[in-house]
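Values below: every heavy atom of this structure, side chains too, minus hydrogens, waters and symmetry copies. Quick note: residue numbers are just sequence positions, from 1.
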Amino acid sequence: MTDAITAERAAPAPLLSASAVYGDAAGGGTIASARALTADFLAAAPAVRHGPVADDRVELARLVVSELVTNAVLHTDGPCRLLLELRRDALEITVSDRAAAAPVLRGHDPRRIGQHGVEIVVAVCESVTVEPTPEGKRVRARLSLLPDPPGRGGSFSRP
């Protein structure tokens, strides 16, 4: 795994960014490491933002990262890259991997065991997009860091 954290203050660049590359194997704590990086990253937010990120937003960010990195690890061959970008009122989470196939948004089915990851990410994020890249794809999720108004759901788009 490779980590990098940089601070930038010029708009529209992120206030803070961090990235990590995770290897081929699901073992070795990849998901736990990605969740820990996210929590540590958001803990640094008060240095570049007006105050700390609320605990519920940190937990949602950890959940989104967990779901996206899990999908990349389980459904691709090769490493995946996690990029976290702190904006003034949002966290942009990007996971790039080598698979061209986009994640599938399945309909709500409480009887289905597992395979709810994309559904969860779409439900808690403002937006989720999937973009093809020459090496595979990039999944971007935008999570608001503001208190969540009731009845707000996200959008999902793919190529």
Side-chain angles (χ1 to χ4, degrees), residues 1-23 28-74 76 78-99 102-103 105 116-159:
M1 179 183 75
T2 308
D3 291 340
I5 295 180
T6 57
E8 299 181 23
R9 296 189 190 278
L15 298 172
L16 188 69
S17 65
S19 65
V21 176
Y22 298 99
T30 295
I31 307 309
S33 179
R35 289 172 58 91
L37 174 65
T38 303
D40 292 345
F41 175 77
L42 290 174
V48 295
R49 175 175 194 270
H50 302 296
V53 175
D55 291 344
D56 67 321
R57 299 281 107 187
V58 173
E59 288 308 309
L60 284 176
R62 289 170 39 113
L63 174 64
V64 170
V65 164
S66 179
E67 294 296 339
L68 294 179
V69 172
T70 296
N71 280 350
V73 168
L74 290 178
T76 66
C80 70
R81 178 175 186 250
L82 169 64
L83 173 63
L84 303 171
E85 295 178 300
L86 181 66
R87 306 296 176 171
R88 187 158 314 283
D89 295 325
L91 174 64
E92 292 183 7
I93 302 163
T94 304
V95 176
S96 303
D97 62 49
R98 293 185 180 174
L105 179 59
H116 294 279
V118 177
E119 183 181 341
I120 292 168
V121 171
V122 169
V124 301
C125 290
E126 291 179 338
S127 64
V128 180
T129 60
V130 181
E131 305 162 355
T133 66
E135 300 83 27
K137 72 174 168 307
R138 178 182 309 122
V139 179
R140 291 182 190 216
R142 183 178 177 87
L143 177 68
S144 174
L145 297 178
L146 300 174
D148 198 19
R152 193 173 112 200
S155 64
F156 178 71
S157 65
R158 62 183 185 162

Q: Checking Val139 against Val128 for the side-chain contact (heavy atoms from CB on, under 4.5 Å) test, could you report, in this order, the C-alpha distance in whole Å, the side-chain angles of both residues, the deciding distance, and whether it holds?
A: CA-CA 7 Å; Val139 179; Val128 180; 4.2 Å; yes
Q: Less than 4.5 Å apart, side chain to side chain, heavy atoms only: is that true for Cys80 and Arg98?
A: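 Counting from C-beta outward, Cys80 and Arg98 never come under 4.5 Å.
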Q: Quick check for you: to the nearest 0.5 Å, what is the distance between Leu42 atom CG and Leu60 atom CG?
A: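 Interatomic distance, Leu42 CG to Leu60 CG, rounded to 0.5 Å: 11.0 Å.
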Q: Rounded at 0.5 Å granularity, tell me how far NZ in Lys137 sits from OG1 in Thr133.
A: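 Lys137 atom NZ to Thr133 atom OG1 measures 8.5 Å (nearest 0.5 Å).
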Q: Donor-acceptor pair, Thr76 side chain versus Ala72 backbone, under 3.5 Å?
A: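 Side chain of Thr76 to backbone of Ala72: a pair is present.
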Q: Taking salt bridge (Lys or Arg N to Asp or Glu O under 4.0 Å) as the definition, give me every residue that meets it alongside Glu135, ordered by chain and number, with sequence neighbours left out.
A: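 Residues passing salt bridge (Lys or Arg N to Asp or Glu O under 4.0 Å) with Glu135: none at all.
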Q: Tell me the closest heavy-atom pair linking Phe41 and Ala18, and the distance in Å.
A: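 Heavy atoms only, the tightest pair is CD1-CB, 3.5 Å.
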Q: CG/Leu37 to CZ/Arg62 distance, rounded to the nearest 0.5 angstrom?
A: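 One finds 11.0 Å between CG of Leu37 and CZ of Arg62.
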Q: Does the side chain of Arg49 reach to within under 4.5 Å of the side chain of Arg88, using non-hydrogen atoms?
A: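 Not in contact.
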Q: Are Ile93 and Leu68 side-chain neighbours, meaning at least one heavy-atom pair lies under 4.5 Å?
A: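 Ile93 reaches Leu68 side chain to side chain.
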Q: Closest approach of Ser17 and Glu85, non-hydrogen atoms and distance?
A: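 Where Ser17 meets Glu85 most closely, the heavy atoms are CB-CG, 4.2 Å.
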Q: With sequence neighbours left out, what residues match Ala54 under side-chain contact (heavy atoms from CB on, under 4.5 Å)?
A: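 Checked Ala54 against side-chain contact (heavy atoms from CB on, under 4.5 Å); matches are Asp56, Arg57.
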Q: Taking the side chain as every heavy atom from C-beta outward, state whether Cys125 and Arg142 have any pair of such atoms under 4.5 Å apart.
A: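 Cys125 vs Arg142: side chains apart.
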Q: Do the side chains of Tyr22 and Ile31 get nearer than 4.5 Å, heavy atoms only?
A: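 Answer no - side chains too far apart.
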Q: If every non-hydrogen atom of Val65 is compared with every non-hydrogen atom of Arg35, which pair is closest and at what distance?
A: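 That closest heavy-atom pairing would be CG1-N, 4.3 Å.
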Q: Contact between Leu86 and Leu145 at the side-chain level, heavy atoms closer than 4.5 Å - yes or no?
A: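 The answer is yes; the side chains approach within 4.5 Å.
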Q: Can you tell me how far OG of Ser127 sits from CD of Glu92, rounded to the nearest 0.5 angstrom?
A: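 Reported value, rounded in 0.5 Å steps: 7.5 Å.
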Q: Any chance you could measure Leu143, atom CG, to Glu126, atom CD, to the nearest 0.5 Å?
A: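 It is 7.5 Å, given to the nearest 0.5 Å.
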Q: Is there side-chain contact between Leu82 and Ser19, with at least one heavy-atom pair below 4.5 Å?
A: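 No - every pair of side-chain heavy atoms lies 4.5 Å or more apart.
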Q: Can you list the residues that meet the salt bridge (Lys or Arg N to Asp or Glu O under 4.0 Å) rule with Arg140, with sequence neighbours excluded?
A: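 Arg140: salt bridge (Lys or Arg N to Asp or Glu O under 4.0 Å) contacts with Glu131.
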Q: Do Arg138 and Ser96 have side-chain heavy atoms sitting under 4.5 Å apart?
A: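 They are in side-chain contact.
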Q: Determine the minimum heavy-atom distance between Leu146 and Ser144, stating which atoms define it.
A: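 Where Leu146 meets Ser144 most closely, the heavy atoms are N-OG, 3.1 Å.
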